[in-house]
Novice: 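A single structure is presented below for examination.
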Amino acid sequence: MKYSEFFIPTVKDAPSDAEIISHKLMIKAGMIKQSSAGIYSWLPLGLKALRKIEQIVREEQDNAGANEMLMPTIQSADLWIKSGRYDDYGKEMLRIKDRSGREMLFGPTNEELITDIFQSYVTSYKELPKNLYHIQWKFRDEVRPRFGVMRGREFLMKDNYSFDISEEEAKNSYNKMFKAYIKTFLRMGLTPISLRAETGPIGGNLSHEFQILANTGESTLYYDKELERLNPEKLDPDNLQSYYAAVDDQHDENNCSVKKEDLKISKGIEVGHIFYFGTKYSEKLNAYVQDQNGKKIPVHMGSYGIGVSRLVGALIEANHDEKGIKWPKSVAPFTLSIVNLMPDDQNCNTKSLEYYSYFMSNNIDTLYDERICSIGKKLSDNDLIGTPIQIIIGKRDLSAGVVEFKDRMLNKSKKIKIEEVKKVILEKINS
RNA sequence: CGGGGAGUAGCGCAGCCUGGUAGCGCACCUGGUUUGGGACCAGGGGGUCGAAGGUUCGAAUCCUUUCUCCCCGACCA
């Protein structure tokens, strides 16, 4: 993508409305525009980041055997009345009426709908287990939306639902998702900490929340330092769940199973939550299957959420500096920026274009900055939008036979010989 | 929902106390000079001051109502 053809409205001063760093940076980098409280438009750059994150979530769901589908944003109130949550959900639920006066709502979650879909097709234990997910916009009319996309009213969430014949089988599904979650967050370059959690309004008796470490996080976490050294190849959920981890108001110094020297304290942001809630919804919404004896039993269910749009903010909270965003490679809107400092100079142009077409043909998501503007603006824009790998091409360097290579994450630059650029960059990207 | 704050040019702000018909920086447009970290000079365009009502000869400024947004708290993906 050529920078001049791409819509990235970066701004110097973030609106005074923005308070936390990720919100400020998302506005400064031209990723989002607020539409009303807690509701945002995703501009091209923001959407690219959102899509990359979404794709990693999707791949790990698919790897774990979940099936993607898509349920509507607008639901009929009927099912919610049946489950008893239509009244319980309170003012957080956005209720609307269609033209014929039917009670509708903008879905805040999908337990009711998915259970209804499931029960209308599945009648035998032979068809279990099943695990279905979708990545869809939700709406919760929060009392107080804040922190940009971290706590919006409208937000993109991956939610999935597992259906099993027994509690034991359901725990198996639960652990599969547990593992998938850890892998998902590790792939994004984050450090996930899993904590046993209250089950809240969703109900049930087993639940974990997943926080990622970020200095600016809202919660304070106390956990065994082993949790920071996870090997995605040998993840054992049962083992992992045995490690100590607690948020500050649940942490009890006198009753903490981990040795003092192994206890770490860090700030975290919640990005995922999983629940096993047994037969709560299957009983109310008639999701029964016949077991081997022909007896009808309610299916055991679990639900699993990842805040996809929140992750965009959380990733920035975890990866930024005074210049802007520092995207991990796996989720960066652009993997590589080619910054042509002198678009008027023929040598700079020729060399930049050569690299640009080379990396594009190698399927590297490349931003070619060929704008006619001051050098400072180019360099600071590319740092702001956080492209992890940048090559900076100027007249002076070219005549010395080199270009500048910048690692945004480490904030380190070095000169590379012109003839080695392609190889070095490809190696860096694939490392 | 309790407490606090803010709406003036695209963005950041001043002006309001003490009424006299709106200003600064950035951005934008034109011309020129620049060119390895948000460049410089000159010229230029852009605002019914959130909305409604009231007081007044006269309201961004004073009064009333209302809408929106933000922050702290309680609550949550």
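Each chain gets a letter, A, B and so on, in the order its sequence line appears, and its residues count up from 1. Source: prediction; values computed, not measured.
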Novice: Taking the minimum atom-to-atom distance to the side chain of A/V143, which one of B/C1, B/G73, B/A77 wins?
Specialist: B/C1

Novice: For A/S36, report the nucleic acid contact type (base, sugar-phosphate, nothing); a contact means any heavy atom under 4.0 Å.
Specialist: sugar-phosphate

Novice: Provide, to the nearest angstrom, the distance between the CD atom belonging to A/E92 and the P atom belonging to B/C75.
Specialist: 13 Å

Novice: Choose from B/C71, B/G12, B/A77 the nucleotide whose nearest atom is closest to any side-chain atom of A/P15.
Specialist: B/G12

Novice: Identify which nucleotide among B/C70, B/G73, B/G38 has an atom closest to any side-chain atom of A/A37, counting heavy atoms from C-beta outward.
Specialist: B/C70

Novice: Would you verify whether the NZ or CZ of A/K415 falls within 45 degrees of the ring axis of A/F405 while also being under 6.0 Å from that six-membered ring's centre?
Specialist: no

Novice: Taking atom types as modelled, find out whether A/N131 and A/S162 have a side-chain donor-acceptor pair closer than 3.5 angstrom.
Specialist: no

Novice: In terms of ring plane angle, is the pair A/Y174 and A/H208 parallel, tilted or perpendicular, where the classes change at 30° and 60°?
Specialist: tilted

Novice: Name the nucleic acid region contacted by A/E270, choosing base, sugar-phosphate or nothing; use a 4.0 angstrom heavy-atom cut-off, strictly under.
Specialist: sugar-phosphate

Novice: Between B/C69, B/C11, B/C72, spot the one nearest the side chain of A/D13, thanks.
Specialist: B/C11

Novice: In terms of side-chain heavy atoms of A/F155, which of B/G38, B/U35, B/A77 is nearest?
Specialist: B/A77

Novice: Looking at the side chain of A/R140, which of B/C69, B/G73, B/A77 is the nearest nucleotide?
Specialist: B/A77

Novice: Are side-chain N/O atoms of A/D369 and A/N340 paired as donor and acceptor at under 3.5 Å?
Specialist: no

Novice: Do any side-chain nitrogens or oxygens of A/S380 fall under 4.0 Å of OP1 or OP2 in B/G37?
Specialist: no

Novice: So, OP1 or OP2 of B/C11: does either fall under 4.0 Å of a side-chain N or O from A/S16?
Specialist: no

Novice: May I ask you to verify whether the side chain of A/K33 and the base of B/G10 hold a donor-acceptor pair under 3.5 Å?
Specialist: no

Novice: Check this one for me: any side-chain N or O of A/R144 less than 4.0 Å away from OP1 or OP2 of B/C72?
Specialist: yes

Novice: Given B/C71, B/C70, B/G38, which nucleotide is nearest the side-chain atoms of A/Q34?
Specialist: B/C70

Novice: Determine the Euclidean distance between corresponding C1' atoms of B/C26 and B/A14; express it in Å to zero decimal places.
Specialist: 15 Å

Novice: Taking the same atom, P, in B/C24 and in B/C41, what whole-Å distance lies between them?
Specialist: 16 Å

Novice: Does the distance from a Lys or Arg side-chain N to an Asp or Glu carboxylate O, for A/K412 and A/D407, drop under 4.0 Å?
Specialist: no

Novice: Using a cut-off of strictly less than 4.0 Å, decide whether A/R151 has a side-chain nitrogen or oxygen near OP1 or OP2 of B/A77.
Specialist: no

Novice: For B/A51 versus B/A59, give the span between their C1' atoms, rounded off to a whole number of Å.
Specialist: 15 Å

Novice: Can you tell which of B/G36, B/A39, B/C1 lies closest to the side chain of A/E404?
Specialist: B/G36

Novice: Taking the side chain of A/R146 as its heavy atoms from C-beta onward, which of B/C72, B/G36, B/G38 lies nearest to it?
Specialist: B/C72

Novice: Rounded to whole angstrom, note down the C1' distance from B/C13 over to B/A22.
Specialist: 14 Å

Novice: So A/W42 and A/W137, would you call those rings parallel, tilted or perpendicular, with 30° and 60° as cut-offs?
Specialist: tilted

